[in-house]
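The structure appears below as structure tokens.
The figures that follow rest on heavy atoms only: side chains count, while hydrogens, waters and symmetry mates do not.
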There are 2 protein chains.
Amino acid sequence: MIRICIAEDQRLLRGAMASLLDLEDDLEVVGEAGDGAEALALIDRLQPDVCLMDIEMPRKSGLEVAEQLKERRAACKVIILTTFSRPGYFERAVKAGVQGYLLKDEPVDKLAEAIRRVMNGRREVSPELIFGSLQEENPLTPRERDVLKLAGDGQTANEIAASLHLSHGTVRNYISEILNKLEVKSRIEAVRLAEDKGWL
Amino acid sequence: MIRICIAEDQRLLRGAMASLLDLEDDLEVVGEAGDGAEALALIDRLQPDVCLMDIEMPRKSGLEVAEQLKERRAACKVIILTTFSRPGYFERAVKAGVQGYLLKDEPVDKLAEAIRRVMNGRREVSPELIFGSLQEENPLTPRERDVLKLAGDGQTANEIAASLHLSHGTVRNYISEILNKLEVKSRIEAVRLAEDKGWL
DNA sequence: ATCTCCGGGTGACAAGTGTCACCCAAGGGC
DNA sequence: GCCCTTGGGTGACACTTGTCACCCGGAGAT
């Protein structure tokens, strides 16, 4: 019997997946979590074989949870299950050593099969990921990311400078550099593009 | 037997809901669509009793579909099923005469019940909507919305002016007005806020 | 010990942004 | 006929943005 935890913030989808997986003879959903922090606690307590993990959840993202599980050398395997085929997310997930990365666009019947295959030591990845995203890695340095995040909140160059203890001019240099790395003409486009790719 | 169509772009959720609803004796899922245009065609062809409708879908949003069904005086009832409790969406849905508006955060078991109640002539609305959103109506005029949308794509005042056949100065007046209606300091914040509220 | 790279900084310029006061024409209401 | 609102416009001002050329000091490589 494979013991499963589900971490997913949309109650509807979470409940629906749990009901369906429970119908399978060899699968058992032992716990459900509605956010990342809860998921981590649940896995600690229940020691399931595998966890289906959404990425964008309140309190702690699925990627953070996966990273922390890796740190603690937890036995629980992780299958990321998300809407987004953002290259940045995928890259981070792989580095966190997850066993699977599936898109919510996959048909339901693939789900149980994927879980079984992962339990047999295989890796499961939705094909879109390999094509679309690989090798399109994050061109932004950590500092540039900091700047861009704040710009995304609508902060002005001066405000960003204050938040980051930099000078006003330096911030503008960073932004200028970001714009030409991303090949766009304004902060707004840069923020949109970076968010879209999961580069934050 | 209640005949149901499901319009939802996430295949996983769509499939899961279909399987679960089909387990109920009095419900039958007769069709599934992955985008708005497909949904409209499907409803035309199959004449189901009720349609579960996501909002943010490719090609045509669930709100557009609902509006067009109303225009054609279609018999099919509509239950909106979405992640977003955006006031603007809810308002539009009500105007389009939908019978239900549920959040994907609802537990699964509510779903079948909601469908039955709607078929009995009742209205079904997730409680969050009433509180959070009502009476927080869109403060933007149609023209202001046009301007803000383009600004959201990263267009400059001049570009927006050209797209809308306005003068550069007028565009800036609009933006200035938008900023103080929305009580924010920059276009970026304005775009974020408006998108978040569903005011587009 | 020198060289080069890198994070950070400066100053100047052109263009874009936000604000404000004010203008004009077309309707609507009365 | 008059008043008021509405959509659009102008011009000026101060500030912010984006770009560019160039400077500085510390760390690594050789």
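With respect to the salt-bridge test (charged N to carboxylate O, under 4.0 angstrom), the residues B:Arg122 and B:Glu113 do not qualify. Between A:Arg192 and B:Glu195, at least one side-chain nitrogen of the basic residue sits less than 4.0 Å from a carboxylate oxygen of the acidic one, meeting the salt-bridge criterion. Electrostatic pairing of A:Arg86 and A:Glu56 counts as a salt bridge here, judged by a charged N lying under 4.0 Å from a carboxylate O.
Seen from the ring of B:Tyr89, B:Arg92 does not count as a face-on cation partner, given the 6.0 Å and 45° thresholds.
Residues from residues 145-164 of chain A with heavy atoms under 4.0 angstrom of DNA chain D, sorted by number: A:Thr156, A:Ala157, A:Asn158. Residues from residues 168-180 of chain A with heavy atoms under 4.0 angstrom of DNA chain D, sorted by number: A:Arg172, A:Asn173, A:Ile175, A:Ser176, A:Leu179.
The distance from atom CZ of A:Arg187 to atom C1' of C:dG16 is 12 Å, rounded to the nearest whole Å.
Counting heavy atoms of neighbouring residues, nucleotides and ligands inside a 6.0 Å radius, atom CZ of A:Arg72 exceeds 12 of them.
A:Ile80 and A:Leu13 fall into different hydrophobic clusters, where Ile, Leu, Val, Met, Phe, Trp and Tyr side chains are chained together by heavy-atom contacts under 4.5 Å. Hydrophobic clustering of Ile, Leu, Val, Met, Phe, Trp and Tyr side chains at less than 4.5 Å, counting indirect connections, keeps A:Val78 apart from A:Ile2.
The structure places CG of B:Asp49 at 11.0 Å from CE of B:Met1, a figure rounded to the nearest 0.5 Å.
Of the residues listed (B:Arg116, B:Arg117, B:Lys110), the one engaging B:Glu124 in a side chain to side chain donor-acceptor pair (under 3.5 Å) is B:Arg117, and it is the only one.
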Candidate pair A:Trp199 and A:Leu148, rule side chain to side chain contact (heavy atoms under 4.5 Å, CB included), full reasoning: CA-CA 10 Å; A:Trp199 294 332; A:Leu148 193 53; over 6 Å; no
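Here chain B contacts DNA chain D (any atom closer than 4.0 Å to a heavy atom, that is under 4.0 Å), and the contacts span D:dG7 to D:dA12 from 5' to 3'.
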